[in-house]
Amino acid sequence: MKVLVIGGDGYCGWATALYLSNRGYEVGILDSLVRRHWDNELGVETLTPIALIQQRLQRWQDLTGKSIDLFIGDITNYEFLHKTLQQFQPNALVHFGEQRSAPFSMIDREHAVVTQVNNVVGTLNLLYAMREDFPDCHLVKLGTMGEYGTPNIDIEEGYITIEHNGRKDTLPYPKQPGSMYHLSKVHDSHNIHFACRIWGLRATDLNQGVVYGVLTEETGMDELLINRLDYDGVFGTALNRFCIQAAIGHPLTVYGKGGQTRGFLDIRDTVRCVELAIANPAQPGEFRVFNQFTEQFSVGDLALMVKKAGNAMGLSVEINHLDNPRVEKEEHYFNAKNTKLLDLGLQPHLLSDSLLDSLLNFAIKYQKRVDHKQILPKVSWHRN
């Protein structure tokens with residue numbers, strides 16, 4: 001099976017491309033490399049040194065004998081996208097090619113526009129290319145649990161059955177996104193749902209929780225294959241940031257009360273979930289939604305877990321509660337369903353002391369690369 005991984009140079013995309021290649025899929029990577037440009041713009045670097053994409057792919061081929069095709073370009077350029085799809089002829093499209101940071105999208109008007117144009121127009125182009133030439137291709141799209149917000153009822157997987165005035169229907173679950181980035185993902189979901197309903201396309205929306213970890217079997221083979229590990233206030237996610245902060249002796253940065261509860265998953269489960277979706281495709285005209293996470297934690301709970309693991313390793317770890325730069329509920333009900341991927345065979349890697357030890361040791365190994373000026377949040381949701 002031929003799988004094109006859009007955004008295959010990024011955190012989730014790189015791990016997924018190698019994982020699928022290792023399992024016998026014929027893989028191509030399409031990427032504009034803009035993520036590297038955004039690092040330069042913000043003056044930040046991933047904790048881990050990332051080689052050029054061409055070097056990474058050559059090293060993968062040297063180690064495994066497996067080649068991954070590379071297409072450098074932007075899917076907001078329809079002519080380039082169309083040409084690439086014609087050349088590669090994919091059976092499945094894995095779409096990670098989006099600006100994925102909520103803080104980045106909230107820097108100012110320009111970054112909000114960049115986020116929404118990149119994400120919404122890129123996905124729209126993909127849908128039209130599928131409609132035109134690849135109507136049987138299966139789109140596996142990375143959504144986000146952040147589309148739902150924090151409603152005071154259970155979060156279902158994409159749809160909810162409602163009875164109103166004596167009538168009943170199953171409808172898309174209401175969305176309450178918390179940033180311009182999360183809004184772009186809601187727009188994507190609506191556009192994909194429309195394309196499936198009207199044009200008969202097939203798609204799976206993976207509403208992913210917060211991903212943590214850096215090592216998969218493949219990215220751990222060689223330092224040239226190593227994955228990103230972002231710790232800055234714009235692209236760093238909570239658990240990864242906390243582990244790096246602990247490694248360098250910086251107090252853990254908990255926003256507000258720390259009661260914000262989210263779904264989390266290991267990067268090794270991200271790649272497996274994508275494979276499960278590919279191996280069990282949606283039907284023509286079907287828009288499936290899988291909630292892709294394995295456990296739920298509050299941010300405060302995560303900080304306490306990192307403190308405990310760090311103390312056990314001899315690190316002195318403190319927790320600081322910062323004024324919350326975001327506009328969000330800091331204490332709330334959160335109970336999300338996540339049975340569909342488990343039903344397909346996902347066997348989760350649950351967060352454990354051993355995994356925290358691994359992440360902390362990884363952070364300690366590369367701690368000299370940490371820029372202390374990038375740790376505190378610099379982007380505010382509030383009107384200045």
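All values below were derived from every heavy atom in this structure, side-chain atoms included, with hydrogens, water molecules and symmetry-related copies excluded. Keep in mind that this is a model prediction, so the values were computed, not measured.
A donor-acceptor pair under 3.5 Å is absent between the side-chain atoms of T219 and the main chain of L215, judged by distance alone.
Residues satisfying the salt bridge (Lys or Arg N to Asp or Glu O under 4.0 Å) test with R197, not counting sequence neighbours, are none. Residues that satisfy the salt bridge (Lys or Arg N to Asp or Glu O under 4.0 Å) test with E98, not counting sequence neighbours, are K141, K185. Judged as a ring pair (Phe, Tyr, Trp, His ring centres under 6.0 Å), and not counting sequence neighbours, Y181 has no contacts. Shown here are the side-chain contact (heavy atoms from CB on, under 4.5 Å) partners of L315, two or more places apart in sequence or in another chain: V317, L360, I364. Here D266 pairs with R268 under the salt bridge (Lys or Arg N to Asp or Glu O under 4.0 Å) rule; sequence neighbours left out. Judged as a ring pair (Phe, Tyr, Trp, His ring centres under 6.0 Å), and not counting sequence neighbours, F194 has no contacts. D371 is linked by a salt bridge (Lys or Arg N to Asp or Glu O under 4.0 Å) to K373, counting only residues two or more places apart in sequence or in another chain. Looking at residues two or more places apart in sequence or on another chain, you find a ring pair (Phe, Tyr, Trp, His ring centres under 6.0 Å) between Y159 and H193. F290 is linked by a ring pair (Phe, Tyr, Trp, His ring centres under 6.0 Å) to nothing, counting only residues two or more places apart in sequence or in another chain. Taking T48 as the reference, T46, I50, I226, L229, F362, Y366 meet the side-chain contact (heavy atoms from CB on, under 4.5 Å) condition, with sequence neighbours excluded.
Identified under the side-chain hydrogen bond (donor to acceptor under 3.5 Å, both in side chains) test for residues 303-321, with sequence neighbours left out: none.
In this structure, K2 does not pair ionically with D69, as no charged nitrogen and carboxylate oxygen lie closer than 4.0 Å.
Open room surrounds CD on Q347; 12 or fewer heavy atoms of other groups in view lie less than 6.0 Å from it.
Hydrophobic cluster membership of V44, counting Ile, Leu, Val, Met, Phe, Trp and Tyr whose side-chain heavy atoms lie under 4.5 Å apart directly or via other members: V34, W38, L42, F104, M106, I107, V114, M180, L183, V234, F235, V327, V379, W381.
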